[in-house]
J.: 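Starting off with a structure, shown below.
Chain identifiers are assigned alphabetically (A, B, ...) following the order of the sequence lines, protein sequences preceding nucleic acid strands; residue numbering begins at 1 within each chain.
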Amino acid sequence: MNELVIQTRDLNKKYAGRYAVRHLNLEIARGEIYGFLGPNGAGKTTTIRMLLGLIRPTMGSIHIFGKDLKKEKMNILRKIGSLVEYPSNYGHLTAIQNLEAVRRILDVPKSRIDEVLDIVSLTKEAKRPVKGYSLGMKQRLGIATALLGHPELLILDEPTNGLDPEGIHEIRELIRSMPKQHGITVLVSSHLLSEVEQMAGTVGIIREGEMVFQDTISNLQQQASSGFHLVVSEPQEALQLVRGQGYAGQLENGGLKLDQLSDPEVALLVKRLVDNNHAIYRVEEKRRTLEDIFMQVIEQGGFQ
Amino acid sequence: MGGYFNILSSERLKMSRSYIVLLVLVSPLIAILTGLLFDLDKSTTPWISLLMVMSMVHALLFMPIMSGIFAAFICRYEHSGGGWKQLLVLPVTRTGVYFAKYTVVIAMLAITQLLLAGSVFLVGFIKGIHAPVEWDIMLRSLLGGWIACLPLAALQLAVSMMWSSFAAPLALNVTFTIPNILVANSGTYGPFYPWAQPLLATIPGSQMDGGGFGALNLPFESLMITVLGSFVVFFIFGWVYFKMKEV
C-alpha cells in the first residue's frame with residue numbers, strides 16, 4: 001500500500017441524536033479509483049461533505065494529502081476537484097462563463113478552460129446558457145469544473161446519477177482515464193455496485209453510516225463463487241462416487257450441486273467421473289453476481 | 001483574505017450577465033420624473049429643494065427595498081443551482097465569500113445613489129437653476145443615505161443566505177420598510193428604527209421650511225448611532241451564521 005491520500009479516523013456525524021456517519025475509517029491510496037458504495041441515505045454524501053469541509057464532523061479526524069483538514073483547509077481544497085450530489089452551475093451563464101467564474105477564484109490560466117471543455121467534449125456547446133443543457137451535459141460541465149484547477153484528488157458524488165447508458169459509459173471511461181492520464185486519485189460514490197466495479201480498484205461499502213467492507217474489488221469478487229453444478233448422465237450414481245471421494249454434494253434439478261472447489265479438485269473429480277463411464281454434459285460454476293454480494297453485505301452488515 | 005478579490009471578480013461576472021442590474025435605474029428614473037414635475041420657483045435654496053423632492057420616495061422606499069433585492073439576488077443563483085457547494089469547495093474562506101457578497105450589494109446601492117445624484121443635477125440643469133450648488137449639504141445627504149442602508153443590506157444578506165427562497169427575505173424587507181411612512185413621522189420611534197434611517201439621513205430636516213417634522217430634526221450624528229449599532233448587530237449575525245452554515 002502506498003501513500004494515503006485520504007485517511008479518516010473514527011469519523012462521526014450526528015444529526016438530531018442520530019448518527020449519519022459513525023466510526024468511519026476511510027483509507028484511499030494515491031493513484032487509485034475508490035468506489036464508495038452504499039444505498040441511498042447510508043451516509044455517502046454526508047461523508048463527502050465532511051471531506052470537503054462543507055460540514056463539520058461531530059467527532060473524528062480527516063487527513064487529506066497527509067494534512068489535517070481542520071488546520072490546512074485552503075491548501076487541501078486547492079488540490080481537490082469535486083462534484084457533490086447534483087451538478088452545480090449558474091443557469092444564466094454559458095459553460096465558458098461558468099468555468100470563468102470558478103477560474104477567477106482558482107487563478108489558473110484562461111487556456112485551461114478550453115482544455116477541460118475538450119476533456120469532457122463540451123467544446124461545441126460551450127457558448128450556450130447552461131439552462132438549456134441536458135442532465136448529461138450539466139454533469140460533464142460539473143466534471144470539467146472539478147478538473148479546472150489541476151486537482152490531485154477528484155471527489156465525485158454519484159456522477160452517473162440520472163444519466164442514460166451512453167452517458168454513464170462516457171463518464172465511466174472519463175473517470176477510468178484519470179489516474180493513468182493525469183495521475184489523479186479518484187473517489188467515486190454510487191449506490192450501484194455494477195457502476196463502480198468496472199472502474200474501481202478498491203471499494204468501501206457503507207451501511208447506516210458505518211463501513212461494513214473495505215477491500216480490493218478482486219477480494220470482493222472472490223466471495224462470488226458459491227459452488228458448482230454438474231449435469232451428468234446418471235446423477236444418482238455420480239453422487240455416490242463424488243461422496244466417495246470425500247466431497248459434499250446433493251441432487252438438484254437432475255444434476256449435482258457441489259460446494260466451492262479449487263481448479264485441481266474440479267479436474268480430478270471430472271476425471272474420476274469419466275473413468276467411471278459417466279457422461280458429463282456440463283460443468284457450471286455458480287457465481288453470485290457482485291450485486292448479490294453487495295446486497296448481502298448491505299443487509300447483514302458484513303460477511304458472515 | 002481568503003481570496004476576497006478573486007471572489008469579488010467572480011461575483012461581478014455572475015452578476016453582470018443578468019438583467020437585475022437594470023434595477024439600479026428604476027428609482028433614479030422615477031426621481032427624474034418627480035423632479036421635472038416639481039415647481040421650484042419660490043424656493044430660495046433650489047438645489048436642496050430639488051434633492052428633497054427627488055429623494056423622498058427614493059430614500060423612504062426604494063433604497064431599503066433595493067438593499068433587499070440586491071442581497072436576495074446575489075444569493076439566488078447560489079441557492080438555485082447548488083452554487084454554495086460549488087463555491088465553498090473552492091479554496092476560499094467563508095469570511096472571504098461573505099465580505100465579497102456584501103461588497104457587491106453595497107456597491108450596487110452606491111451606484112443607485114450616484115445615479116440619483118446625477119439625476120438631481122440633470123433636472124437642475126434642465127430647469128436652469130443658477131444658484132450655486134450646496135455641495136456640503138447635498139454630499140452629506142447622499143452619502144448619509146447610502147451609509148444608512150448598510151445595516152439593512154447586512155440583515156438582508158444574512159436572511160438571504162439563510163432562506164433558499166427568493167421571496168421570503170423580500171417579504172421581510174417590505175414588511176419592515178412599509179411602516180417607514182409612519183415611523184419617520186414619529187420623533188419617538190423614528191430615530192431608533194433602522195429602516196427609517198436612509199430617509200432621515202437623506203432629507204436635511206434643518207433645511208426645511210420650519211425646521212422639518214417628526215424625526216427629521218435630529219442631528220446627523222445621532223442618526224449614525226442607530227445606523228452603526230444596527231450595522232454591527234446585523235453584520236456580525238450574518239457573518240457568524242454563514243461561517244457556521246452547513247452546506
Side-chain angles (χ1 to χ4, degrees), chain A residues 13 15 20 45-46 48-58 72-94 96-108 129-131 133 138 141-142 144-146 148-149 151 153-157, chain B residues 1-23 69-70 72-101 103-104 160-162 164 166 240-247:
Chain A
K13 181 70 190 178
Y15 282 118
T45 300
T46 307
I48 286 175
R49 283 159 77 210
M50 284 193 279
L51 292 177
L52 293 168
L54 292 173
I55 54 176
R56 286 190 181 83
T58 311
E72 298 189 55
K73 194 169 155 193
M74 288 303 107
N75 290 330
I76 291 169
L77 287 181
R78 201 174 294 281
K79 294 195 277 181
I80 303 182
S82 61
L83 180 67
V84 185
E85 270 182 313
Y86 47 91
S88 308
N89 53 62
Y90 305 109
H92 61 292
L93 304 178
T94 68
I96 292 181
Q97 289 161 349
N98 263 284
L99 290 165
E100 173 65 15
V102 174
R103 189 202 68 82
R104 288 186 182 185
I105 291 173
L106 291 172
D107 238 348
V108 290
V130 172
K131 261 188 289 212
Y133 276 23
K138 284 182 185 166
L141 175 60
T145 312
L148 200 60
L153 168 65
L154 208 52
I155 297 182
L156 305 172
D157 189 13
Chain B
M1 189 186 68
Y4 169 78
F5 289 103
N6 291 355
I7 304 165
L8 202 57
S9 152
S10 172
E11 286 303 323
R12 237 184 37 225
L13 172 77
K14 290 184 227 165
M15 192 99 184
S16 63
R17 309 285 159 166
S18 151
Y19 296 111
I20 202 91
V21 288
L22 295 176
L23 275 179
I69 292 180
F70 293 143
F73 182 73
I74 201 165
C75 294
R76 176 189 162 93
Y77 47 69
E78 308 292 359
H79 285 304
S80 66
W84 289 125
K85 274 181 301 178
Q86 171 156 319
L87 185 58
L88 295 174
V89 297
L90 297 173
V92 295
T93 61
R94 302 261 173 131
T95 302
V97 172
Y98 186 75
F99 277 63
K101 292 251 178 216
T103 308
V104 174
S160 297
M161 282 174 160
M162 252 177 190
S164 54
F166 186 63
V240 170
Y241 166 76
F242 189 59
K243 272 184 86 84
M244 311 298 285
K245 184 178 165 79
E246 303 227 311
V247 181

J.: If you tally heavy-atom pairs under 4.5 Å against chain B, which of A:V84, A:I155, A:L54, A:V102 wins?
T.: A:L54
J.: Measure across A:A146 and A:L154 and return the closest heavy-atom pair with its distance rounded to 0.1 Å.
T.: CB-CD1, 3.8 Å
J.: Please determine whether side chain to side chain contact (heavy atoms under 4.5 Å, CB included) holds for the pair A:L77 and B:L90, giving the CA-CA distance in whole Å, both sets of side-chain angles, and the decisive distance to 0.1 Å.
T.: CA-CA 6 Å; A:L77 287 181; B:L90 297 173; over 6 Å; no
J.: Quick one: which of A:L52, A:I55, A:I105 has the most heavy-atom pairs under 4.5 Å with chain B, could you say?
T.: A:I105
J.: Can you measure from CG (A:L99) to CG (A:L141) and round to the nearest 0.5 angstrom?
T.: 5.5 Å
J.: Within a strict 4.5 Å, meaning less than it, do heavy atoms of the B:I20 and B:I69 side chains meet?
T.: yes
J.: Which heavy atom in A:P151 sits nearest to a heavy atom in A:G81, and how many Å separate them?
T.: CB-N, 3.3 Å
J.: Measure across B:V97 and B:I7 and return the closest heavy-atom pair with its distance rounded to 0.1 Å.
T.: N-CD1, 3.6 Å
J.: For chain B and chain A, what donor-acceptor pairs lie under 3.5 Å, backbone included?
T.:
from, atom 1, to, atom 2, distance (Å)
B:N6, ND2, A:I105, O, 3.4
B:S9, O, A:R104, NH1, 2.7
B:S9, OG, A:R104, NH1, 3.3
B:S10, OG, A:A101, O, 2.7
B:K14, O, A:H92, NE2, 2.9
B:K14, NZ, A:Y90, OH, 3.1
B:E78, OE1, A:Y90, OH, 2.9
B:G81, O, A:N89, N, 3.2
B:G82, O, A:S88, OG, 2.8
B:K85, NZ, A:V84, O, 3.2
B:R94, NH2, A:L54, O, 3.2
B:E246, OE1, A:Y15, OH, 3.4
B:E246, OE2, A:K13, NZ, 3.0
B:V247, N, A:L54, O, 3.3
B:V247, O, A:R49, NE, 2.7
B:V247, O, A:R49, NH2, 2.9

J.: Measuring only between side-chain heavy atoms, which start at C-beta, is B:F73 closer than 4.5 Å to B:V104?
T.: no
